[in-house]
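Some notes on the structure that comes next.
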2 protein chains.
Amino acid sequence: MTDAQTPRRTQAERTRASKAKIIQAATQFFAQQGYRGAKMSDIARTANLTEPGLLHHFPSKNHLLMEVLAERDRIDGELIDFKGYSEKNDFLSSQQKLVEHNSTVPGLVQLFTTLAAESIQKEHPGHNFFRERYHKGRADEIEMLRHAQESGEIRSDIPAEDLAAMLYAMMDGLQIQWLYEPETIDMVKVFSNFTKLLKPEKD
Amino acid sequence: MTDAQTPRRTQAERTRASKAKIIQAATQFFAQQGYRGAKMSDIARTANLTEPGLLHHFPSKNHLLMEVLAERDRIDGELIDFKGYSEKNDFLSSQQKLVEHNSTVPGLVQLFTTLAAESIQKEHPGHNFFRERYHKGRADEIEMLRHAQESGEIRSDIPAEDLAAMLYAMMDGLQIQWLYEPETIDMVKVFSNFTKLLKPEKD
DNA sequence: GTCTATACCCTGATAGAC
DNA sequence: GTCTATCAGGGTATAGAC
């Protein structure tokens with residue numbers, strides 16, 4: 001039909017569709033088995049391709065990982081803007097909403113939990129990504145935490161730098177326990193009680 | 001010298017020494033590269049053995065992992081008893097001392113951080129070990145937390161079950177950030193500020 | 001853009017001598 | 001208890017046809 005009129009655009013769209021499928025499959029296997037444990041053959045088959053077919057779009061497993069991480073960063077960035085997880089006002093409830101959202105996407109939580117730990121190794125292809133992610137993430141939160149402290153939403157007797165590290169630690173740590181025992185650990189409830197601790201003492 | 005008199009005992013001691021060397025090397029490589037990333041050949045070479053030499057003592061990589069984990073549990077159990085990390089009185093300062101100790105053994109912290117995340121996968125040989133470790137660990141802490149709440153050391157407006165999950169989460173989460181940036185993250189200081197949050201409000 | 005065929009390396013594990 | 005030799009299998013990546 002339109003093939004004769006716009007053949008190149010159709011090609012480009014097919015490529016994009018293939019790439020999207022591959023990223024989706026790779027996300028699934030990197031989450032379930034980690035980077036090392038995931039096999040290119042499994043990812044390829046799940047994306048309805050052979051291995052060389054996959055490697056035509058992503059020249060190596062390493063490249064594929066970087067694209068998966070970049071893609072997640074992009075999507076999460078949009079989500080944070082859209083859902084207002086980084087609101088200056090009502091900082092704690094925006095963090096709470098983030099945890100609630102995470103509790104609905106265990107696959108993605110497992111992707112980050114698994115890869116973040118695997119990437120502690122300096123030689124790991126994801127090492128710089130995660131080190132910078134934590135570094136920048138804390139820096140951004142420190143800003144917001146200072147505002148929340150000034151507005152009286154959060155207690156001021158603990159440095160904002162430490163609070164930022166605590167927030168990341170609490171989320172990461174609860175995610176591990178939740179992934180092991182989703183029925184036993186109510187991540188949302190525990191985090192909610194954690195935010196209680198951060199509010200100023202009544203006096 | 002004594003070989004003629006006690007040949008069998010000498011043999012047994014040699015075996016024990018070999019096994020200890022292997023466990024030590026395996027601990028190092030499992031920590032640095034995870035279970036999947038660690039190579040039997042590297043472990044064997046570090047223990048001054050060939051691969052079949054190693055496999056004479058531990059019939060498979062899987063067995064070796066289980067022994068490494070069991071050995072760490074044994075040693076840590078002794079350490080906890082000896083250093084009183086599970087004191088009923090002064091619960092928070094015993095937890096603080098545990099964090100201080102951990103900050104002196106980054107290799108062992110990396111072993112547990114890396115393997116705990118890798119073992120989230122149900123098929124991983126370490127899965128049951130870590131699931132039970134968290135489960136039992138929290139159960140034990142809940143007991144102590146209840147006592148600490150009764151004695152007034154810890155605030156009582158949050159369920160002990162949630163506090164137990166929080167303590168594990170905070171330690172695990174801080175360890176990740178600390179392993180990425182040991183110079184930037186002062187795990188001991190941040191955890192100390194976290195324990196502040198757990199103390200009752202002054203009224 | 002996707003395939004078949006294959007190169008090439010690495011890995012855990014076994015057989016059997018010493 | 002440790003070795004040499006070796007296997008069977010799986011892993012990523014490449015060459016080249018269609």
Side-chain angles (χ1 to χ4, degrees), chain A residues 2-3 6-26 28-30 32-68 118 121 123-126, chain B residues 2-4 6-26 28-30 32-68 115 118 121 123-126:
Chain A
T2 54
D3 280 60
T6 58
R8 281 210 289 258
R9 190 161 163 236
T10 301
Q11 271 298 43
E13 276 170 3
R14 277 216 193 110
T15 296
R16 272 195 38 219
S18 268
K19 281 203 163 193
K21 246 186 180 174
I22 293 168
I23 296 261
Q24 194 182 7
Q28 178 195 326
F29 283 101
F30 285 153
Q32 279 166 13
Q33 327 240 6
Y35 174 73
R36 269 189 249 264
K39 298 166 221 168
M40 293 296 268
S41 52
D42 284 343
I43 297 170
R45 198 173 334 106
T46 305
N48 289 116
L49 280 172
T50 59
E51 232 175 299
L54 190 168
L55 287 166
H56 170 74
H57 297 281
F58 303 92
S60 76
K61 190 182 182 183
N62 199 319
H63 283 78
L64 181 53
L65 173 68
M66 300 317 287
E67 296 263 4
V68 165
E118 194 181 358
Q121 192 198 351
E123 297 76 22
H124 195 286
Chain B
T2 55
D3 279 57
T6 57
R8 279 209 291 257
R9 190 160 160 237
T10 301
Q11 270 298 43
E13 277 170 5
R14 275 215 195 114
T15 295
R16 272 196 38 219
S18 268
K19 281 202 163 193
K21 244 186 183 174
I22 294 168
I23 295 262
Q24 193 182 5
Q28 179 196 325
F29 283 100
F30 285 152
Q32 279 166 10
Q33 326 238 8
Y35 174 73
R36 269 190 251 264
K39 299 166 222 166
M40 294 294 269
S41 53
D42 284 343
I43 296 170
R45 197 172 336 105
T46 305
N48 289 116
L49 281 172
T50 59
E51 228 175 306
L54 189 168
L55 287 166
H56 170 76
H57 296 280
F58 302 93
S60 76
K61 191 182 182 182
N62 198 319
H63 284 78
L64 181 54
L65 174 68
M66 300 316 288
E67 297 263 5
V68 165
L115 291 181
E118 192 180 1
Q121 193 198 353
E123 298 75 23
H124 195 286

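A, B, ... follow the sequence lines: proteins, then strands. Residue 1 opens every chain. These numbers come from a predicted model, not from an experiment.
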Heavy atoms only: give me the nearest [X]-[Y] pair and the separation to one decimal.
X	Y	value
A:Ala26	A:Val68	CB-CG2, 3.8 Å
B:Ile22	B:Ile43	O-CG2, 4.0 Å
A:Phe30	A:Lys61	CE2-CE, 4.2 Å

Among [options], which is the nearest nucleotide to the side chain of [X]?
X	options	result
B:Lys61	C:dG12, D:dC3, C:dT2	C:dG12
A:Ser18	D:dC3, C:dT2, D:dT2	C:dT2
B:Lys39	D:dT4, D:dG11, C:dG12	C:dG12
A:Ser60	C:dT2, D:dG1, D:dA13	D:dA13
A:Leu49	D:dG11, D:dA13, C:dT2	C:dT2

[X] [atom1] - [N] [atom2] separation (whole Å):
X	N	atom1	atom2	value
B:His56	C:dA13	NE2	P	16 Å
B:Leu64	C:dT11	CG	P	15 Å
A:Arg36	D:dG10	CZ	C1'	17 Å
A:Met40	D:dT12	CE	P	6 Å
A:Phe58	C:dT2	CZ	C1'	15 Å
B:Glu51	D:dG1	CD	P	19 Å
A:Gln33	D:dG10	CD	P	14 Å
A:Asn48	C:dC3	CG	P	9 Å

| message | Which is more 5' along DNA chain D, the nucleotide nearest A:Gly37 or the one nearest A:Pro52? Just name the residue. | response | A:Gly37
| query | Could B:Lys19 and B:Phe58 be counted as a cation-pi pair, given that NZ or CZ must be under 6.0 Å from the ring centre and within 45° of the axis? | reply | yes
| query | Quick one: is the NZ or CZ of A:Lys39 closer than 6.0 Å to the six-membered ring centre of A:Phe29, and within 45° of its axis? | reply | no
| Between C:dC3 and A:Thr50, is there an OP1 or OP2 to side-chain N/O distance shorter than 4.0 Å? | yes
| said: Over all strands shown, is A:Ala38 touching base, sugar-phosphate only, or nothing at heavy-atom distances under 4.0 angstrom? | reply: sugar-phosphate
